[in-house]
Amino acid sequence: MKNRLFATLFAFSLLASAFAQPKSPVGLQLYSFREQFPKDVPGMLAKVRQMGFREVELAGTYGMEPAEFRKLVEKNGLKPISTGASYEDLSNNVPKVLAEAKALGVKYVMCAWIPHNGDVFTLEDAKKAADVFNTAGKLLKDHGILFCYHIHGYEFQPYKDGTFFDYLAENLEPRYCNFEMDVFWVKHPGQDPIALLKKYPNRFPLMHLKDRKPGTPGNNTGHVDVESNVAIGKGDLGIAEIMKQAKKSGVKHYFIEDESSRSMEQMPESIAYLQSLK
């Protein structure tokens, strides 16, 4: 009995210690730990909480039913803010997207990729996406879910006097469709995240925070070596200044996303940097 009591108290002390970690000022996109999660979902959710995170953006449920996954997320003291949906489901099966979002308890649904041929994004692609997103966005909004399109770089290919992103911003109805800014995928094609936030205030309620290894050559294809992701504050994006403008421009939720193979090692450093910002 004493041994069992000791084990219980020890386990409780470990749990209390884990929950006492300093709170991260931002959330986490769980895709950052895509290699680790399938091996131990409960353990990884506990680890995410131990790191200091309180809000998360989901990246699948690892074979679990959405409602069960939500219970496990919330059991670990984490709040699911948003989840991803495929372009195909948004085109053809919004009821499925809505049912999953409701089961997961999220406020936002985001889509991270518009299908297009090779590395070339066209006006036809943008027009079709605007139609899909406006239609799906209205249906989701009617049921209390907000939709955001996650920028991925290829939208900054030139169109008229601007880019296809400008076309999307002008043709997506703000009541139903807004954006998730991935600061890497704005900078990588040669754009300025701060200028974009100023140009389109209140159109970016969600933001992915990541940093880029200095000297990484840019492109507007939406593709890059994931090992170019470095700990936040060690790259060339200028995260501190972006964060200042983001707060003025209406960003509501921030998520660290580290796609490198070093995400587990780099995450504490990224959190510490963000905690240091005033």
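When all heavy atoms are compared, the tightest approach of Cys148 to Pro205 is SG-CG, 3.5 Å. For the residue pair Ala126 and Leu168, the shortest heavy atom distance occurs at O-CD2, 3.8 Å. Closest heavy-atom contact between Ser270 and Ala231: OG-CA, 3.5 Å. Counting all heavy atoms, side chain and backbone alike, Ser32 lies closest to Asp258 at OG-N, 3.0 Å. For the residue pair Leu104 and Pro80, the shortest heavy atom distance occurs at O-CG, 3.3 Å. Across Pro193 and Lys187, no two heavy atoms sit closer than the pair CG-N, 4.4 Å.
For Gln157 (side chain) and Thr122 (main-chain N/O), no donor-acceptor pair under 3.5 Å exists by modelled atom type. Counting only distance, with no hydrogens or angles, the side chain of Thr216 and the backbone of Lys213 share a donor-acceptor pair below 3.5 Å. A donor-acceptor pair is defined here as one N or O able to donate and one able to accept, closer than 3.5 Å; such a pair exists between the side chain of Asp211 and the backbone of Gly233. Remark: the backbone N or O of Val106 is not paired with any side-chain donor or acceptor of Arg70 at under 3.5 angstrom. A distance-only check finds no donor-acceptor pair linking the side chain of Glu100 to the backbone of Pro95 [under 3.5 Å]. Using modelled atom types, one side-chain atom of Asn76 and one backbone atom of Leu72 make a donor-acceptor pair closer than 3.5 Å. With hydrogens and angles ignored, the 3.5 Å screen pairs no side-chain donor or acceptor of Lys23 with any backbone N or O of Arg54. At least one donor-acceptor pair under 3.5 Å links the side chain of Glu155 to the backbone N or O of His152. The main-chain N or O of His143 is found under 3.5 Å from a side-chain atom of Lys102 such that the two form a donor-acceptor pair. For the pair Asn134 (side chain) and Glu173 (backbone), a donor-acceptor distance under 3.5 Å is present.
If you chain together hydrophobic residues whose side chains sit under 4.5 Å apart, Tyr176 and Phe133 never meet in one group. No continuous path of hydrophobic side-chain contacts links Met110 to Ile114 [ILVMFWY only; heavy atoms under 4.5 Å]. By the criterion of side-chain heavy atoms lying less than 4.5 angstrom apart, applied directly or through intervening Ile, Leu, Val, Met, Phe, Trp or Tyr residues, Ile151 is grouped together with Phe147 in one hydrophobic cluster. When the side chains of ILVMFWY residues are joined at heavy-atom separations under 4.5 Å, either directly or via intervening members, Leu196 and Leu237 end up in a single hydrophobic cluster. Following chains of ILVMFWY side-chain contacts shorter than 4.5 Å, one can reach Leu277 starting from Met181, so the two form part of one hydrophobic cluster.
In this structure Asp236 satisfies the side-chain hydrogen bond (donor to acceptor under 3.5 Å, both in side chains) test together with Arg212, sequence neighbours excluded.
Two residues are said to be in side-chain contact when any heavy atoms from C-beta on lie closer than 4.5 Å; Val226 and Ser261 fail this criterion. Within the 4.5 Å cutoff, no side-chain heavy atoms of Tyr273 are placed close to those of Leu209. Side-chain atoms of Val94 and Asp89, non-hydrogen and from C-beta on, never get closer than 4.5 Å to each other. The side-chain heavy atoms of Leu274 and Ile256, taken from C-beta on, include a pair separated by under 4.5 Å. You'll find the side chain of Thr163 stays beyond 4.5 Å of the side chain of Pro158, heavy atoms only. No side-chain heavy atom of Asp40 sits less than 4.5 Å from a side-chain heavy atom of Gln36. His150 is not listed as a side-chain neighbour of Gln29, based on a closest heavy-atom distance of 4.5 Å or more. The shortest distance between side-chain heavy atoms of Phe33 and Leu28 falls below 4.5 Å.
In the displayed structure, Asp142 atom CG is contacted under 6.0 Å by more than 12 heavy atoms of other residues, nucleotides or ligands. At most 12 non-hydrogen atoms from other residues, nucleotides or ligands lie less than 6.0 angstrom from CD of Glu65.
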**Message:** As a quick check of understanding, evaluate side chain to side chain contact (heavy atoms under 4.5 Å, CB included) for Ser260 and Gln266, giving each step before the final call.
**Reply:** CA-CA 9 Å; Ser260 77; Gln266 292 182 166; 3.5 Å; yes

**Request:** Applying side chain to side chain contact (heavy atoms under 4.5 Å, CB included), run through Leu146 and Leu140 and close with a yes or a no.
**Result:** CA-CA 6 Å; Leu146 303 177; Leu140 291 169; over 6 Å; no

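Judged purely by distance below 3.5 Å, without hydrogens or angles, the side chains of Asn229 and Glu259 never pair a donor atom with an acceptor atom. Between the side chains of Asp225 and Ser228, not a single donor N or O lies within less than 3.5 Å of an accepting N or O. Side chain to side chain, Arg203 and Asn178 meet the donor-acceptor criterion of an N or O pair below 3.5 Å. Judged by distance alone, the side chains of Gln245 and Ser249 do bring a donor and an acceptor atom under 3.5 Å apart. Neither side chain, Tyr31 nor Glu57, offers a donor N or O lying under 3.5 Å from an acceptor on the other.
Geometrically, Lys210 engages Phe184 in a cation-pi contact, judged by NZ or CZ lying under 6.0 Å from the ring centre and within 45° of the ring axis.
Using cut-offs of 30° and 60° for the angle between ring planes, the His116 and Tyr154 rings count as tilted. Ring-plane geometry between Tyr149 and Phe179 is classed as perpendicular, the angle between the planes exceeding 60 degrees on a 0 to 90 degree scale with a lower cut at 30.
In summary, the aromatic rings of Phe121 and Phe156 are positioned with their centroids too far apart to meet the 6.0 Å limit.
For the atom pair Ile232 CD1 and Glu257 CD, the distance stands at 10.0 Å (nearest 0.5 Å). We find the OG-CD distance between Ser24 and Glu55 to be 9.5 Å, quoted to the nearest 0.5 Å. Lys252 contributes atom NZ, which lies 15.0 Å from atom NZ of Lys247 (distance to the nearest 0.5 angstrom). Expressed to the nearest 0.5 Å, how far OH of Tyr200 lies from CD of Glu170 amounts to 5.5 Å.
By the 4.0 Å N-to-carboxylate-O rule, Glu124 lies too far from Lys127 to be salt-bridged with it. A salt bridge links Arg262 with Glu227: the closest approach of a Lys/Arg side-chain nitrogen to an acidic carboxylate oxygen falls below 4.0 angstrom. A salt bridge links Asp166 with Lys199: the distance from a Lys NZ or Arg NE/NH1/NH2 to an Asp or Glu carboxylate oxygen falls below 4.0 Å.
The ring pair (Phe, Tyr, Trp, His ring centres under 6.0 Å) pairs that include a residue from residues 221-266 are Tyr108-His253, Trp113-His223, where partners are two or more places apart or lie in different chains.
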